[in-house]
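I have placed the structure first, in the form of structure tokens, so that the comments after it can refer back to it.
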Amino acid sequence: MRICRLDQGASPPPSLLPTVELLQPTHESDSLAPRTSLHPSNRPSSSRDATAAEQTPTVLPGHSLPPPRDDDTDHRRRFTVAVRLLLLPVPRAMASGAVDAAAEGVAALGISAGAGAGDDWARPSAPLRRNLRLLSDDQVELAKMLLNEGQGHVFEHWPELGVDDDKKKTFFDQVHRLHSSYPGGLASYIQNAKKLLDDSKAGQNPYDGFTPSVPSGEVLTFGDDNFLSLEAAGVKEARNAIFVLVAGGLGERLGYKGIKVALPRETTTGKCFLQHYIESILALQEASCKLEGECHTKIPFVIMTSDDTNALTIKLLESNSYFGMEPSQVKILKQEKVACLADNDARLALDPNDKYKIQTKPHGHGDVHSLLYSSGLLEQWKNTGRKWVLFFQDTNGLLFNAIPSALGVSATKGYNVNSLAVPRKAKEAIGGITKLTHVDGRTMVINVEYNQLDPLLRATGHPDGDANSETGYSPYPGNINQLILELGPYIEELKKTHGAISEFVNPKYTDSTKTAFKSSTRLECMMQDYPKTLPPTAKVGFTVMDTWLAYAPVKNNPEDAAKVPKGNPFHSATSGEMAIYRANSLILRKAGAQISDPVISSFNGQEVEVWPRITWSPRWGLTFKDVKHKVHGNSSSVSQRSVLVINGQNIIIDGLSLDGALIVNSVDEAEVKVTGHVENKGWTIRHIDHKDTSENEETRIRGFKFEKVEQLEVNYTEPGKHCLSS
Ligand SMILES: O=c1ccn([C@@H]2O[C@H](COP(=O)(O)OP(=O)(O)O[C@H]3O[C@H](CO)[C@H](O)[C@H](O)[C@H]3O)[C@@H](O)[C@H]2O)c(=O)[nH]1
């Protein structure tokens, strides 16, 4: 083995950069952003154990689904009415209501009067009435609203004045927050919930009158000429893009205690999802700018967080110097949670551990549209020539393999909306992209969420429901929730809707009488329902790519993953990591390298293909053209037991024969040729049981870890030409 100009030691981590900008638009000032939707949608919450009857989610009544597309005027008129109803400036309207004389008398003191004739409104709740002296005028109005909406139970346990007074005040602080962060206020939320819960109980079919059929979209074949030219078009457009990561989800199904974007995407390098996303955006930025010659564009990166994820996301960014991104490029939009509902009457659920607190949960990724709208960022970006907004989710480690070509499709086809899709296995937990034709002739191409597709098909003459065709896949492409929206039309639409996304509710009932819930529920909304409000003239398309290339999320905990029907994807930490090795192996094969076949192995009860553990930094292989350019000839080979980590922009693989572990790091200015035979004992894979608490959680949920027996690691830190050869 001959190593030319080998330097050891990595550069020290950069020092901490300034803190991220946290944008928190309130809906009080943006009261137009309605949550009551005209175009309801349906989707289950994280848990998937309820029966179909129990799971049927519901939409707001009075707005039959989907939107009227060919009678837009009528639709808009109804929409306007709905919005107006929501637009009442609730706190002020309430404050200007009848205020009793006693309260007026003490208003200057900031407290209301004690129980008296003017407090008759509080008669339904004796505990509240006894505590009225504690409340400010605004709080009195909130209390009135709660009683009006049938929420007297929240005061039932209140002791007399003087006991727990601070907690009582804190309770009202929370009520105020819930009230002011929901368009139309908490009363609207409760009223919407009542309607949706009624519909859910009645089993109302939101797709009444619609017939599903298989739509046609762009189907890409990895590596062919069309793919290459679309990738090139996408890279060119990338400098006009904005990336939006929705990362407010609890990740209940995975059960991981940290934030999902902090999980390692793969464990050869241990780089987390967020690092990979940021490095991919920066690589795109650089590649796109290079095409321009001189260009100083910084691609904006928005992260939507929630109270569950916000602090940890900011900490992850700050403690890693934003993974190389300029802090000013990153914008954080925090979504507010909504109140949980305990029963069919939409009674607010109290926290079992703190009766002075209302239980809350995230409202769904659909919040991203109203948050972007009210942030004012979209207009700013439009003024600086941005054209595309790309939305993506927290744990798809393969996503950036698909971004350049998908953006190329948007640019060349002129799509206002482009959804990325993959072939879907029947009953897989991803929505199906479906053409819906109404009896009155309207049509739309839209995501039908996975729990709705089966009942819809059964109700429309497909007795097998959500079933695979002779191809072994569902005929309906699977939506992976990577959306590319054209900025101009997006802004125009948001000016009308203010980011309104239809809500739905998905209570898990204890039994078929649908009278009680297994646990509290809440209203939700989904970002992929955005096209439902678009006029028929909008160019809505989708792009289908191979699953192995584009989609491998980490959503399921080991136990649930092991129960996934045979042949369906596990969507676990195990499968998510193995999918990266498989994709990289297949990409290198396509580029001419000889990559050994995988072996089958079982981790945490999941049988997966174990390919050579090959990874590279986004700067090395952003597009297939880049990979082809850096893999010379077809004489390189990598054995199944090998690990290959390529970490540097200008590393050329030319006649390498690898049987062991090889890690090559280089600075941009170094050009490194890797050739010859590298053999060592390499890294073995040790099985770990997910119940083995001696291992950390990140390891346990994937079910394996590498034992680094022997490896060759080389670091090129000096500019110039280098070679690593035997
Ligand atoms: O209130 C929320 C809820 C979720 N999220 C984020 O939204 C993304 C998606 O959440 P889930 O992974 O829980 O989504 P589901 O698996 O329920 O389903 C979604 O993702 C699937 C693909 O992974 C399909 O596209 C499906 O149609 C779509 O609804 C995640 O990044 C999550 O962090 C939020 O930001 N806020």
Side-chain angles (χ1 to χ4, degrees), residues 35 41-48 55 57 243-256 258-263 273-274 277 302-310 312-313 332-338 340 360-372 391-399 402 419-422 424-425 427-434 446-453 474 476-483 501-504 506 522-531 542 547 550-557 560 569-572 575-576 579:
R35 291 299 198 281
S41 69
N42 309 278
R43 140 186 201 282
S45 305
S46 309
S47 150
R48 286 156 218 293
Q55 273 196 336
F243 282 85
V244 181
L245 166 64
V246 290
L250 284 166
E252 276 172 313
R253 276 178 281 157
L254 185 64
Y256 174 60
I259 48 169
K260 287 168 79 182
V261 290
L263 275 173
F273 282 101
L274 189 57
Y277 295 152
V302 179
I303 308 175
M304 182 173 79
T305 59
S306 67
D307 280 328
D308 293 319
T309 62
N310 189 61
L312 289 174
T313 306
I332 306 258
L333 297 175
K334 185 163 80 70
Q335 63 178 149
E336 291 301 324
K337 289 188 190 179
V338 287
C340 290
T360 57
K361 281 191 181 172
H363 188 220
H365 37 71
D367 279 350
V368 74
H369 300 297
S370 60
L371 283 174
L372 278 171
F391 296 86
F392 65 109
Q393 304 194 151
D394 49 18
T395 59
N396 181 8
L398 296 180
L399 179 70
S419 309
L420 210 53
V422 296
R424 176 179 181 276
K425 284 278 183 189
K427 307 203 167 52
E428 188 178 341
I430 59 178
I433 297 191
T434 309
I446 197 79
N447 173 71
V448 175
E449 198 58 338
Y450 40 97
N451 67 323
Q452 282 297 297
L453 193 56
S474 157
Y476 298 91
N479 161 48
I480 63 169
N481 250 11
Q482 158 67 55
L483 309 175
I501 297 294
S502 57
E503 287 172 309
F504 63 97
N506 184 29
R522 85 286 199 182
L523 302 191
E524 297 176 73
C525 59
M526 301 191 293
M527 70 172 169
Q528 67 268 34
D529 282 338
Y530 163 76
F542 64 95
T547 308
Y551 185 57
V554 178
K555 301 203 190 209
N556 289 327
N557 64 54
D560 289 346
F570 299 116
H571 293 173
S572 66
S575 61

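Start at 1 and go down the list; that is how both ligands and their atoms are numbered. The model shown is predicted, which means the values in this text are computed figures rather than measured ones.
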With heavy atoms only and a cut-off of under 4.0 Å, state how [X] meets ligand 1: side chain, backbone, both or neither.
X: Ile480; answer: backbone
X: Arg253; answer: side chain
X: Pro553; answer: neither

Give yes if a backbone or side-chain nitrogen or oxygen of [X] is under 3.5 Å from a nitrogen or oxygen of ligand 1, and no if not.
X: Val246; answer: yes
X: Ala429; answer: no
X: Gly431; answer: yes
X: Gly248; answer: yes

For [X], atoms of ligand 1 separated by under 4.0 Å from a heavy atom:
X: Tyr551; answer: 22 (C), 23 (O)
X: Asp394; answer: 30 (C), 31 (O), 32 (C), 33 (O)
X: Gln335; answer: 1 (O), 2 (C), 34 (C), 35 (O), 36 (N)
X: Asn479; answer: 22 (C), 24 (C), 25 (O), 27 (O)
X: Ala247; answer: 33 (O), 35 (O)
X: Asn481; answer: 19 (C), 25 (O), 28 (C), 29 (O)

Measure from the side-chain N and O atoms of [X] to the backbone N and O of [Y], and report whether any donor-acceptor pair falls under 3.5 Å.
X: Gln335; Y: Met304; answer: no
X: Asn556; Y: Phe570; answer: yes
X: Thr309; Y: Thr305; answer: no

State the CG-CG distance between Asn447 and Asn481, to the nearest 0.5 angstrom.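 So the CG of Asn447 and the CG of Asn481 are separated by 6.5 Å.
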Regarding atom 29 (O) of ligand 1: of the candidates His571, Gln482, Glu449, which has the closest heavy atom? Glu449
Best match, Glu428, Lys555, Met526, Gln393: closest heavy atom to atom 11 (P) of ligand 1: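 Looking at heavy atoms only, the winner is Lys555.
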At their closest point, which heavy atom of Pro477 faces which heavy atom of Phe542, and how far apart are they?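 Heavy-atom minimum between the residues: CG-CE1, 3.7 Å.
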List the atom of Gly478, the atom of Ile430, and the distance in Å for their closest heavy-atom pair.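 Heavy atoms of Gly478 and Ile430 come nearest at CA-CD1, 3.5 Å.
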Is a salt bridge present between Asp308 and Lys337, judged by a nitrogen-to-oxygen distance below 4.0 Å? yes
Check whether the side chains of His363 and Glu503 place a donor and an acceptor atom closer than 3.5 Å, and report yes or no. yes
Please lay out, stage by stage, how Tyr530 and Phe391 fare under the test ring pair (Phe, Tyr, Trp, His ring centres under 6.0 Å). CA-CA 12 Å; Tyr530 163 76; Phe391 296 86; 8.0 Å; no
side-chain contact (heavy atoms from CB on, under 4.5 Å) assessment of Thr434 paired with Leu453: CA-CA 9 Å; Thr434 309; Leu453 193 56; 3.9 Å; yes
Residues Arg253, Asp560; criterion salt bridge (charged side-chain N to carboxylate O under 4.0 Å, His left out); working and verdict: CA-CA 8 Å; Arg253 276 178 281 157; Asp560 289 346; over 6 Å; no
So is Gly364 in contact with ligand 1, going by heavy-atom distances below 4.0 Å? yes
Heavy-atom gap Phe392 to ligand 1 smaller than 4.0 Å: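 Phe392 does not count as a contact of ligand 1 under the 4.0 Å cut-off.
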